[in-house]
Amino acid sequence: MNTESMVHLVGAGPGDPDLLTVKALRLLQNADVVVYDRLVSDAILDLIPPGVSRIAVGKAPGRHSLPQDRINELLVSLSRAGRTVVRLKGGDPYIFGRGGEEAQHLAQHRIAFDMVPGITAASACSAYAGIPLTYRGLSSGVRFVTGHCRADRPLDLDWRGLADADTTLVVYMGLANIDQVRSKLIDAGLNPTTPAAAVENGTTGRQRRCLTTLDRLPDEVQKAGFQSPVMVVIGRVVALAETLDWFEPQLRAPAATAGGRQLGHG
Ligand code: SAH
């Protein structure tokens, strides 16, 4: 296999550069070109050596500066030009990251690739917010769902199955449809006073947490003015967050003050 022309699909984790894997860092340092999404933080982009080309391909919520098929083609053409490509994606590429589609496209075009998992936002944001996703006696499982759907459609999830007091529910991209998530879960039988949290800019110097109950979640999030990226966690384990709080974002000052843009969603 010719490593010179390989595409590495790499998870960047949720924002804190210390959460990059050793392998991700090594690949970034040895790349010819890094193709990255907007969810990748500036603090991580700063780790790319100066001589390495960078190509931003968008993926901010609601707008894609390059459509997915163009991104797929770009990866193929860079690789065919003999460049060592790192395709850097927020969190884990295979969790709501369309990493599977990119890998499939590379496989179809017989481009050598490998896959470096990243710490996904669900585990990172909950860890930094003091929420164990499972906990003996409180939560026997966890489900990751997307709150994203086409603007003209209702959110199509198995609400009966998700309204389960014994497990934890994590909603990616849940901010826009947070009202719907709340009312569908309550309609499906989940107790309105179930503990619920939202974590904005998790793991970064600008992290904020909102700890509340399911019925109050949309109002509280709106009152606090939360903006994407926001992770929503619903379940009894959220009640542990006060006790297990440890992360003090302001102590991670370089990230908080470095020119305003910590997570690029612009
Ligand atoms: N592949 C990514 C998820 C991409 S979907 C992963 O594995 O983490 C984008 C969604 O992830 C955002 O809308 C938000 O819900 C969540 N997210 C990603 N980074 C986040 C962060 N730092 N803080 C809060 N939520 C985050």
Side-chain angles (χ1 to χ4, degrees), residues 9-21 24 35-45 57-64 68 71 86-103 115-131 133 142-151 155 157 168-178 180-181 196-211 217-218 221 224-234 238 241 247 249 252 255-256 258 261-266:
L9 294 164
V10 177
D16 180 349
D18 285 354
L19 294 180
L20 266 183
T21 61
V35 178
Y36 65 93
D37 287 348
R38 294 216 182 151
L39 202 56
V40 175
S41 72
D42 280 353
I44 287 171
L45 297 178
V57 290
K59 294 281 184 72
R63 49 199 180 115
H64 288 188
Q68 187 64 48
I71 296 174
V86 167
R87 171 67 176 115
L88 191 62
K89 302 174 80 77
D92 184 288
Y94 277 0
I95 297 184
F96 302 125
R98 305 190 73 169
E101 291 167 51
E102 292 178 17
M115 167 70 205
V116 182
I119 298 188
T120 192
S123 53
C125 296
S126 55
Y128 277 53
I131 305 167
L133 288 178
V142 54
R143 275 170 293 182
F144 297 170
V145 299
T146 171
H148 178 76
C149 60
R150 272 179 41 180
L155 200 47
L157 293 170
T168 308
L169 179 62
V170 179
V171 188
Y172 286 74
M173 296 171 275
L175 187 61
N177 289 317
I178 200 162
Q180 223 186 124
V181 170
V199 184
E200 179 195 52
N201 291 317
T203 82
T204 76
R206 296 187 299 140
Q207 172 173 311
R208 293 197 290 164
R209 312 184 299 181
C210 167
L211 303 177
L217 184 66
V221 161
F226 272 29
Q227 288 183 3
S228 181
V230 169
M231 179 59 70
V232 171
V233 187
I234 299 164
V238 173
F247 179 57
R252 308 182 69 88
R261 213 201 106 190
Q262 166 68 14
L263 278 172
H265 278 270

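Read the numbers this way: they start at 1 and go in the same order the structure lists the ligands and their atoms. These values consider heavy atoms only, across backbone and side chains, with no hydrogens, waters or symmetry-generated copies. Note that the structure is a prediction, hence the values are computed from the model and not measured.
At a 3.5 angstrom cut-off on N or O pairs, Ile119 does not count as close to ligand 1. Checked by distance only, ligand 1 and Ile95 come closer than 3.5 Å through their nitrogen or oxygen atoms. In terms of polar-atom proximity, defined here as any N/O pair under 3.5 Å, Thr203 makes no such contact with ligand 1. Between Pro93 and ligand 1, not a single N/O pair is under 3.5 Å apart. Below 3.5 Å of separation, one finds an N or O of Thr120 facing an N or O of ligand 1. Here's the thing with Leu39: none of its N/O atoms is less than 3.5 angstrom from an N/O atom of ligand 1. Polar contact check, Met173 against ligand 1: a nitrogen or oxygen pair lies under 3.5 Å apart. Between Gly90 and ligand 1, at least one N/O pair is under 3.5 Å apart.
Contacts with ligand 1 closer than 4.0 Å are made by backbone heavy atoms (N, CA, C, O) of Val230 only, the side chain lying farther away. At a 4.0 Å heavy-atom cut-off, ligand 1 touches Ala121 through backbone and side chain alike.
Less than 4.0 angstrom separates some heavy atom of Asn201 from each of these atoms of ligand 1: 22 (N), 23 (N). Annotation for ligand 1: atoms under 4.0 Å from non-hydrogen atoms of Val199 are 24 (C).
Going from atom CD of Gln227 over to atom CZ of Arg206 covers 9.5 Å, rounded to the nearest 0.5 Å. With rounding to the nearest 0.5 Å, the separation of SG in Cys125 from CZ in Arg209 is 12.5 Å. Interatomic distance, Ile234 CD1 to Ile131 CD1, rounded to the nearest 0.5 Å: 11.0 Å.
Of all heavy-atom pairs between Phe226 and Cys210, the closest is CZ-CB, 3.8 Å. Contact detail for Ala129 and Val199: the closest heavy-atom pair is CB-CG2, 3.7 Å. Closest heavy-atom contact between Met115 and Pro117: O-CD, 3.6 Å. The nearest pair of heavy atoms linking Gly11 to Ala24 is O-CB, 4.1 Å.
Taking a 4.0 Å cut-off on heavy atoms, Gly15 fails to register as neighbouring ligand 1.
Residues that satisfy the side-chain contact (heavy atoms from CB on, under 4.5 Å) test with Ala12, not counting sequence neighbours, are Leu20, Val40, Ile44, Leu88.
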Inset, instruction - Verify side-chain contact (heavy atoms from CB on, under 4.5 Å) between Asn177 and Val171, making sure each step is shown before the conclusion. - result: CA-CA 10 Å; Asn177 289 317; Val171 188; over 6 Å; no
